[in-house]
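Predicted model only: the values in this text are computed from it and were never measured. Throughout, a chain's letter reflects where its sequence line sits, starting with A, and its residues are numbered from 1.
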Amino acid sequence: MSATQGKTIKVVVSGPVGAGKTTFIRTLSDIPVVNTDERASEAIGKSHTTVALDFGQITLGDYCVHLFGTPGQSRFDFMWELLSEGAFGLLLLLPSDHPQSFAHARTILEHITSRHALPFVVATTRGDLTSKAWQPEEVADYFDLPTAQVIAINAEQRDSAQSALIRLVEVLETPGPDERPIPRKNHE
Amino acid sequence: MAIFGDLADFSFREIISVIGKRNGMLIIDDRRGKRLRLQITREHLTRLTLEQPIRQGELIQKLLQTACDNAGTFYFKAGPADAAETPPVHGSLALSSLLEPAHATAPPATVLPHADTRFILIPSRVVTLDRGLKVFLDHAQGLLEKGCSANQLAQALHMNVEHVRGYLHRLREVKKVWPVRAHQEHGDSPQLTEQRSLARRLIGLFRQ
Amino acid sequence: MNKQEQLQATLNQLNQSIPSLKGSLLSTLDGIPITHAISDPLVDPNRVAAMAATAIGVGRRISETLKTGSMKELNLLADDGRIFIYLIAAKACLALIASSDSNVGLINLEATDASNTLANILL
């Protein structure tokens with residue numbers, strides 16, 4: 001199954017609740033975004049949460065990038081996989097000021113990438129809101145990734161949001177495997 | 001620079017792993033009055049400060065139980081290497097010597113891997129495991145060599161899937177198993193080649 | 001009876017009136033189970049609740065986009081069963097899992113009644 005149909009490319013946007021996935025897609029989309037937000041019955045720091053998907057679209061030259069945002073909670077994990085089907089790549093959004101969500105973000109990332117051969121980039125958000133936030137190279141160390149695969153963005157700002165897409169494309173452009181079974185670490 | 005969080009979400013091993021080769025001060029606060037400051041220089045603990053008097057004869061290992069127990073926060077402040085110390089120095093301690101083999105307490109459910117995420121054994125990696133974990137690995141080894149998930153292991157070994165997730169998490173912490181990346185299994189497929197050439201065309205558009 | 005007990009009683013009653021019903025579940029619109037009457041221990045209520053919310057979420061968007069007004073109900077017909085999902089008072093959803101030989105007319109009648117009862121309890 002091809003990740004491109006003619007000139008359409010599909011990118012999945014996932015990550016823990018509150019990372020800014022819906023915001024990110026709204027910022028980038030050329031068309032009004034299709035949301036499936038419902039009232040949150042839990043205290044998650046906001047009034048609504050995605051229960052199925054967000055859909056947006058951005059045109060790049062001759063190419064149409066379809067952005068599919070997933071829900072963040074584990075109970076919707078069937079959507080992570082469903083939406084990743086046939087995707088060109090994955091953007092994992094991460095709130096850099098909420099390290100309590102990092103372990104869950106890692107679960108999402110590993111769940112998706114162990115089933116779909118997707119190149120991915122981790123985009124850290126909310127770093128513009130506070131200085132008490134993890135930096136991209138620190139997040140890269142947490143995930144055992146090369147620093148090039150982690151980028152800090154402002155999900156509300158178009159150029160910044162677009163830089164995550166650019167980084168994803170750059171990661172794919174680099175030939176050769178971008179991940180190893182054991183990352184280069186000096187400990188033990 | 002800000003490496004920080006709650007000890008309920010990160011193990012001491014993970015914290016040390018993220019700090020990596022950075023020099024600076026790791027502050028551990030148990031929110032019950034005790035605060036530990038660890039001066040870290042070139043992957044060594046060069047100075048340790050406790051803001052609460054300790055009873056005579058307590059070993060450093062006991063102090064660091066504050067770090068291993070899940071109730072408290074940590075904050076790492078990067079700073080210059082302690083100029084006077086060049087490791088290994090008399091009076092300093094290699095951080096790696098403080099890391100225990102994968103311990104017996106259960107990690108919180110939020111950090112456990114997904115039951116369908118597949119893991120593969122890293123055969124070359126030598127690790128020390130406690131007895132329970134070693135027994136599990138002996139039984140699971142064959143399946144893990146090919147790559148399998150907690151659900152698959154639970155079925156094959158007639159075990160509770162939550163226990164299996166816990167074991168896989170602990171094995172992952174010591175890097176004896178690692179999540180399988182789908183494209184490592186499928187190699188350079190025609191799709192991947194097509195995607196790479198597409199990527200090159202897109203890069204051109206972005207750079208205009 | 002408190003609200004929880006009333007809701008449970010309504011679902012139990014529903015299960016009793018429809019013999020082919022394998023289970024019923026009431027969940028929030030963001031996928032958290034409120035109460036359920038599912039006899040099969042292999043069916044995870046958390047999973048059903050999340051999927052019902054996802055289905056309703058998608059259904060609502062489709063109905064809005066195609067201008068068919070406010071969505072009320074979704075039916076899923078499969079080889080080995082049927083699933084009905086009803087929107088309750090715009091704040092919850094009721095999912096019914098039935099066998100393939102169910103009497104759809106009866107289910108619709110009973111479900112409508114149950115929906116009204118549940119809506120009144122929740123309001």
Side-chain angles (χ1 to χ4, degrees), chain A residues 1-4 9 60-63 65 74 77 81 88-89 96-104 106-119 130-135 137-139 141-142 144 162 165-166 168-175 177 179 181-183 185-188, chain B residues 1-6 8-10 13-14 16-22 43 75-76 95-96 99 107-108 110-114 116-120 122 124-125 127 147 149 174-175 178-186 189 191-192 194-196 198-208:
Chain A
M1 190 195 314
S2 176
T4 64
I9 300 163
L60 241 45
D62 288 345
Y63 294 94
V65 182
S74 295
D77 60 7
E81 228 207 300
F88 168 86
S96 60
D97 61 341
H98 282 110
Q100 55 271 40
S101 65
F102 288 10
H104 181 58
R106 188 169 60 189
T107 298
I108 299 176
L109 177 66
E110 290 173 358
H111 180 68
I112 296 177
T113 59
S114 71
R115 305 159 88 79
H116 294 284
L118 293 187
T130 169
S131 59
K132 201 177 183 200
W134 283 59
Q135 299 303 300
E137 55 276 11
E138 294 161 351
V139 169
D141 286 340
Y142 173 78
D144 287 314
Q162 199 164 277
L165 269 182
I166 296 177
L168 180 63
V169 175
E170 285 172 349
V171 159
L172 189 62
E173 201 202 11
T174 319
E179 295 140 273
I182 295 279
K185 277 280 173 188
N186 275 19
H187 294 286
E188 308 99 281
Chain B
M1 284 254 158
I3 297 173
F4 72 97
D6 200 292
D9 305 311
F10 296 79
R13 176 182 293 277
E14 282 184 307
I16 295 299
S17 172
V18 174
I19 288 174
K21 295 182 172 186
R22 296 174 173 88
E43 301 176 87
Y75 183 90
F76 180 74
L95 274 176
S96 53
L99 297 172
T110 47
V111 315
L112 294 183
H114 194 282
D116 288 326
T117 295
R118 293 175 54 226
F119 285 86
I120 196 154
I122 309 298
S124 53
R125 186 143 171 80
V127 287
S149 67
V174 293
K175 300 185 172 138
W178 206 247
V180 171
R181 298 288 187 206
H183 69 64
Q184 283 173 329
E185 293 184 295
H186 302 126
S189 57
Q191 279 99 307
L192 192 57
E194 188 196 318
Q195 285 179 302
R196 288 224 172 91
L198 171 61
R200 265 171 242 127
R201 276 173 270 152
L202 283 174
I203 277 284
L205 290 167
F206 275 119
R207 286 172 184 161
Q208 270 158 20

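In this structure, the separation between CG on B:Leu112 and OG on A:Ser74 is 10.5 Å, given to the nearest 0.5 Å. Rounding to the nearest 0.5 angstrom, the gap separating the CG atom in B:Leu198 from the CG atom in A:Leu172 is 7.5 Å.
The two residues A:Ala133 and B:Ala2 have their closest heavy-atom pair at O-CB, 3.2 Å. Here the closest non-hydrogen pair linking A:Pro99 and B:Gly5 is CG-CA, 3.6 Å. The two residues A:Asp144 and B:Ser17 make their nearest non-hydrogen contact at OD1-OG, 4.5 Å.
Note on A:His98, A:Gln135, A:Glu110: by heavy-atom pairs under 4.5 Å with chain B, the leading option is A:Glu110. Each of A:Gln162, A:Lys132, A:Glu137 has some count of heavy-atom pairs under 4.5 Å with chain B, and the biggest count is that of A:Lys132.
Counting heavy atoms from C-beta on, the side chains of B:His114 and A:Arg115 never come closer than 4.5 Å. Looking at A:Glu138 and B:Phe76, their side chains never come closer than 4.5 Å, going by heavy atoms from C-beta outward. Between A:Glu81 and B:Asp116 there is no side-chain heavy-atom pair separated by less than 4.5 Å. At a threshold of 4.5 Å between non-hydrogen side-chain atoms, the residues B:Ile3 and A:Asp141 do not count as touching. Looking at B:Val18 and A:Phe102, their side chains never come closer than 4.5 Å, going by heavy atoms from C-beta outward.
Ion pairing of A:Arg106 with B:Glu14 is present here, as a side-chain N (NZ or NE/NH1/NH2) and a carboxylate O approach within less than 4.0 Å.
There is no contact between A:Ser101 and chain B, counting heavy-atom distances below 4.5 Å.
Note on ring orientation: taking the six-membered ring where Trp is involved, the planes of B:Phe10 and A:Trp134 are parallel (angle under 30°, cut-offs 30° and 60°).
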